[in-house]
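Following this message is one structure expressed as structure tokens.
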Amino acid sequence: MSSRTRLTVGVLAVSLTAGGTALAMGSTGSAADAAVGSVAPTLRGTDIRGAPIDAARWRGQVLLVNVWASWCAPCREELPVLAAAAHRLGPQGLRIVGIDFRDRDSSAADLLRVLGAGDIPSLSDPDGRVGVDWGVFGVPESFLVDRAGVVRARRLGPVDPEWLRAQVEPLLASAGGRP
Amino acid sequence: VTARRGVGTSVLIVLLLAGALALVTAGGHGSRSPQARARAVEAQLRCPVCAGQSVAESRTETAAAMRAQVQALVGENHTDGQIRDWFSARYGRSILLRPATRGSEAMLWMAPFIPAAVGGWILLRRRRGAAARTAADAPVFDGGQ
């Protein structure tokens, strides 16, 4: 075999390996970013008080979808922050909606009342399938959805005032965020 | 003969790998029960909040919710591949414990075997060349004296 042929074979083998690696890496992506930029899943069912709930009624508003549970200690810290945000940013077009993840409705409703967050509507998700449809990792976790229904940001862990300032307020103030 | 065996073995390995990949990628129903199918798919999904555990193994609430979703999708008659795609769309490809089953990614799995096959081929060519030279250099038997 000539040296030229050997060189060609070598280059081909290296190219195939490198190409395969690049394709595989390019298609993997970051798991936590998978939802960002995608159209938000539907949010429809029964709330923790047994009433029908459909997030489509808030189409055109900025939605902060918070996945939580009464058994989750960080969620207890987070809920008052969310209640305050709903009160302060609601007039600017923010709607906060909960997904009560693998929880008992009565426990969830009691906790919201005790924490003064009873105004936050929450979808009942006893088997967690709604949360999984959103690609949830754990609780608490939040998804910020713009007025066009596209997920713009994701928060793993409790939402805090800094995150609200950095993510929610700019979206409310942007061209697509005006009520 | 040894060189030919080497090439044959390399080709066999590549063919077996390609066949296995084709079976995995197809992900058909087969004759398994819904429970067995769900369990098999759960074992192929990574628990997103665990260290190296599958959804089938993990006892976390997230994994339990994912198992409920797998069972629902199996009940709705989705294929194994469709269920894996459903989770990939929401969690990214890294949710799959065995992600490299797509055509483009199969190339990555095949790549290590390509140099082996090429090496076997080169070895065979060299042996043939050496054998041909030896035959050409050998004295012609003159039929005795």
Side-chain angles (χ1 to χ4, degrees), chain A residues 1-3 5-6 8-41 67-69 71-72 99-103 125-139 141 143 151 154 156-157, chain B residues 42 45-50 55 58 60-73 75-76 83 85-96 98-129:
Chain A
M1 179 187 287
S2 71
S3 59
T5 309
R6 278 185 212 151
T8 307
V9 169
V11 168
L12 182 66
V14 171
S15 302
L16 282 168
T17 308
T21 305
L23 281 168
M25 289 178 71
S27 62
T28 298
S30 165
D33 293 339
V36 177
S38 305
V39 174
V67 189
W68 69 286
W71 45 261
C72 152
I99 296 174
D100 184 32
F101 185 75
R102 295 187 63 79
D103 200 2
D125 185 21
D127 60 7
R129 288 178 54 204
V130 176
V132 171
D133 194 20
W134 282 73
V136 73
F137 280 62
V139 286
E141 187 168 333
F143 300 83
V151 177
R154 177 180 198 155
L156 301 174
Chain B
E42 288 159 15
L45 297 175
R46 187 188 308 280
C47 166
V49 290
C50 312
V55 163
S58 170
T60 63
E61 294 290 337
T62 305
M66 292 171 77
R67 286 195 294 272
Q69 182 62 24
V70 170
Q71 286 153 21
L73 292 171
E76 291 167 12
I83 297 171
D85 289 345
W86 192 96
F87 280 91
S88 292
R90 286 154 182 82
Y91 289 91
R93 293 280 293 168
S94 61
I95 201 68
L96 305 178
R98 293 185 300 176
T101 54
R102 293 197 311 197
S104 60
E105 291 166 352
M107 196 196 316
L108 180 64
W109 288 88
M110 300 289 282
F113 296 95
I114 292 169
V118 169
W121 181 67
I122 292 169
L123 196 63
L124 180 63
R125 289 287 300 260
R126 279 189 174 173
R127 290 286 173 93
R128 277 183 178 168

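Values below: all heavy atoms of this structure, side chains included; hydrogens, waters and symmetry mates excluded. Chain letters run A, B, ... following the sequence lines, proteins first and then strands; every chain starts at 1.
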Distance-minimising heavy-atom pair for B/Ala65 and A/Arg129: O-CG, 4.3 Å

Could you tell me whether a side-chain N or O of B/Tyr91 sits under 3.5 Å from a main-chain N or O of A/Val136, the two making a donor and an acceptor? yes

Which value, rounded to the nearest 0.5 Å, describes the distance between B/Ile95 atom CD1 and A/Phe137 atom CZ? 6.0 Å

Do you know the tightest heavy-atom contact between A/Phe101 and B/Thr62? CZ-CA, 4.2 Å

To the closest 0.5 Å, what do you measure between CG (A/Asp133) and CD (B/Gln69)? 6.5 Å

Using non-hydrogen atoms only, which part of B/Ala64 is less than 4.5 Å away from chain A: side chain, backbone, both, or neither? both

